[in-house]
There are 2 protein chains.
Amino acid sequence: MTSAQQPVPARPTSRDVARAAGVSQATVSLVLGGKWPGRVSETTAQRVRDAAAEIGYRPNLAARSLRLGRTRTALLVVPALTNEFFARVYAGAAELAAEHGFGVVLYPSIDGTGPARDPFASARAALDGVIASSMAADALGALHGADLPLVMLDSDPSDTGPAAHVNLDIADGMRQVTDHLLGLGHRRFLHLASAVDTWTFAVRAGALHDALGEAGDATVRTVRAPLDVRAGREAAEQALSALGERPTAIICDDDILAAGACKAARRLGLRVPDELSVTGFDDLALATALEPELTTVRLPAERVGERGMEALLAVLDGRPAERDGLPVRLVVRGSTAPPPGRA
Amino acid sequence: MTSAQQPVPARPTSRDVARAAGVSQATVSLVLGGKWPGRVSETTAQRVRDAAAEIGYRPNLAARSLRLGRTRTALLVVPALTNEFFARVYAGAAELAAEHGFGVVLYPSIDGTGPARDPFASARAALDGVIASSMAADALGALHGADLPLVMLDSDPSDTGPAAHVNLDIADGMRQVTDHLLGLGHRRFLHLASAVDTWTFAVRAGALHDALGEAGDATVRTVRAPLDVRAGREAAEQALSALGERPTAIICDDDILAAGACKAARRLGLRVPDELSVTGFDDLALATALEPELTTVRLPAERVGERGMEALLAVLDGRPAERDGLPVRLVVRGSTAPPPGRA
DNA sequence: ACCTCGACGTTATACGTAACACCTCGGGGG
DNA sequence: CCCCCGAGGTGTTACGTATAACGTCGAGGT
């Protein structure tokens, strides 16, 4: 380690700026913090700003956080970001956060696999609050213990622990799907459901059964699969090959499962939508990449992130957070049609 | 603000632990920092740990960072995470980072749109280093100014600024694609290229032209499109409808563009792969969701993230970083076949 | 001529942690 | 018997920032 004696320029501090500008460190802090209307003259302020720019000063965020006790940082806890939905949630949250001078740091909860590391160790800064998806089940235990402001995304509103909930109107979305399919004349359904057992999927199942129950003469079978294409295909293929009258429509909890359902159909020689209708949920990029394009429910993922951040900011300010669900909309594309034998 | 006088329990500090355990704060720090082989007795250490657990002590990371001058935090600069490739890069980097007690914080560079916020303000902690994709063009300027250890992903190795490069063997991948297609008998190609102009895409183009040039009798046309399905479809549709002999194979810079190419083919009544072969690049989940499944080049995205983090850790330790490219592999699936009129 | 007062800064301090330098005490070698 | 030494700690300091509390100085009122 003889080479460790490098003349590292040692990142400039506010004191260096002060020296360069010929003022005290406190003045630098005032000027750069924007708190100088009447405390520092304009000429001095300008001198300080010039000096800061010249020597390339950047405030040490660790020191600032320590001093202020707040970090303007939120932790977003989600399942793997490879799910486009959550990537978009993050984008929305980060966007709004930035507008308010906040940062968003991620804890990707790795689906419960892995050693379930400490979410707070993963966040490198101290946190002002947490926004968590109900799907990040493994991390939720640790979160409740930390008495930080907590905003839950798409979770059971009757859970009183969190400071706020941000929910999508999933039930309405599923009802739009069933109305659409019933209107086309479908009566025999397969519900390709997610194997994960969280509120958002429970709501899908509940709304689906409610709506089909009202129709009276509709029947539905349910199979569950993990959220990936292959699992969806296998489950759908098995269900479609089963004995008994074949369903004419598959309602999927997710576009990814719908993609699997489409592949299953093709394997069995069933044409979508003529012989089998398929619906998705989420409206991921995948939905329009497939052929035919998926009829699906568009979820405003970015808005979920924004609203989560809004709610957190509200809570931090002592304001009440909005509580109504975000509206969702059925997008009818090419994967649904009347069942075989109907116009 | 009369309600601001809440009896907030005031997060416990190491001094609180010390008081509870009947030792000094220094001892707490030693024990919890793991630096006590021979400095503190086992019984005392246990007492400290118990006290810490009991009062729910969590170290203040801001204070620790300030004290240590290092934060064990890296900034990952990538284009939008909605691109699965980068989500996987992040996952790989975060995974390896966690094993070394590091955290990874993101700066999603929003593709150059937006107000190009300060990457360092987005990172809430001070940073030990930066890992940046060459595709996050807008942020790169700010990065070089910050004299932090910088690891570049998939960027021109002749750029001497960065401390290290982590590159995929893109040229080899493209050569595998062309070899595969030439072997099937294709001679007329369309190169559906990315409109973004970065090293990784320049390499694709270079390798493609080199390989086809060696074949002698091959011809290739190039069209460019932004990285989304619709843009890819439109570009491909236009190129396929153009006058002149139609290409028998489309080589795409990306699976997303390949999805667009497949849609274009279907619109024009061309069956894939019988009448038109299509290849992708990346091997995203999308590649196996499509029908037929895409022949594509599998890029080890997680490995890219891991290697980026490895390289950064190496640089921080003063060790040299590995420099050889990561191997990639052609995955032959259903979207390629001999051209029409060949067995 | 004295006091006041605003404008403009400065001095001093605390945030919570890690680590350097020091202290104490009992036992063993000289 | 004295000194030294190591085990087992403790006191103190510094990290860089924001801000409360405190000067200073010239102008203006009486």
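So you know, we letter chains A, B, ... as the sequences are listed, proteins then strands, and number each from 1.
Checking C/dC8, D/dT12, C/dT17 against every side-chain atom of B/Ala26, the shortest atom distance belongs to D/dT12. Candidate nucleotides D/dT17, D/dG16, D/dG9 were compared by shortest atom distance to the side chain of B/Leu66, and D/dG16 ranks first. You'll find that the side chain of B/Tyr57 is closest to C/dT17, out of D/dG16, C/dG9, C/dT17.
Using modelled atom types, one finds no donor on one side chain facing an acceptor on the other under 3.5 Å when comparing A/Asp128 with A/Thr73. Between the side chains of B/Thr198 and B/Thr200, not a single donor N or O lies within less than 3.5 Å of an accepting N or O.
Atom CD in B/Gln25 sits about 7 Å away from atom P in C/dT17, given to the nearest Å. Computed from coordinates, the A/Glu42 CD to C/dG9 P distance equals 11 Å when rounded to whole Å. Atom CZ in B/Arg11 sits roughly 8 Å away from atom P in C/dT17 (whole-Å rounding). The nearest whole Å value for the distance from the CG atom in B/Leu30 to the C1' atom in D/dG11 is 13 Å. The distance from atom CG of A/Asn60 to atom P of C/dT17 is 16 Å, rounded to the nearest whole Å. Counting to the nearest Å, the C1' atom of D/dT17 and the CG atom of A/Leu32 are 11 Å from each other. The distance between atom CG of B/Leu68 and atom P of C/dT17, rounded to the nearest whole Å, is 12 Å. Rounded to an integer number of Å, the gap from A/Arg19 CZ to D/dG16 C1' is 13 Å.
Contact annotation: B/Arg64 reaches the phosphate of C/dA18 (side-chain N/O to OP1 or OP2, under 4.0 Å). OP1 or OP2 of C/dG9 sits under 4.0 Å from a side-chain N or O of A/Thr44. Taking side-chain N and O atoms only, B/Lys35 has a distance below 4.0 Å to OP1 or OP2 of C/dA19. Proximity of B/Thr13 to the phosphate of C/dC15: no side-chain N or O atom is located under 4.0 Å from OP1 or OP2.
Across all strands shown, A/Val23 has heavy atoms under 4.0 Å from sugar-phosphate atoms exclusively, and none from any base. B/Thr27 comes within contact range of at least one nucleobase, with a heavy-atom separation under 4.0 Å. Backbone-only engagement by B/Ser41 is indicated by non-hydrogen atom pairs under 4.0 Å involving sugar-phosphate atoms exclusively.
Residue order along DNA chain D, read from the 5' end via each residue's closest nucleotide, puts B/Ser24 first among B/Ser24 and B/Ala63. Each of A/Thr43 and B/Arg39 has a nearest nucleotide on DNA chain C; the 5'-most of these lies closest to A/Thr43.
A salt bridge does not link B/Glu302 with B/Arg307: every distance from a Lys NZ or Arg NE/NH1/NH2 to an Asp or Glu carboxylate oxygen is 4.0 Å or more. By the 4.0 Å N-to-carboxylate-O rule, A/Arg47 lies too far from A/Asp50 to be salt-bridged with it.
No side-chain heavy atom of A/Val130 sits under 4.5 Å from any side-chain heavy atom of A/Val151.
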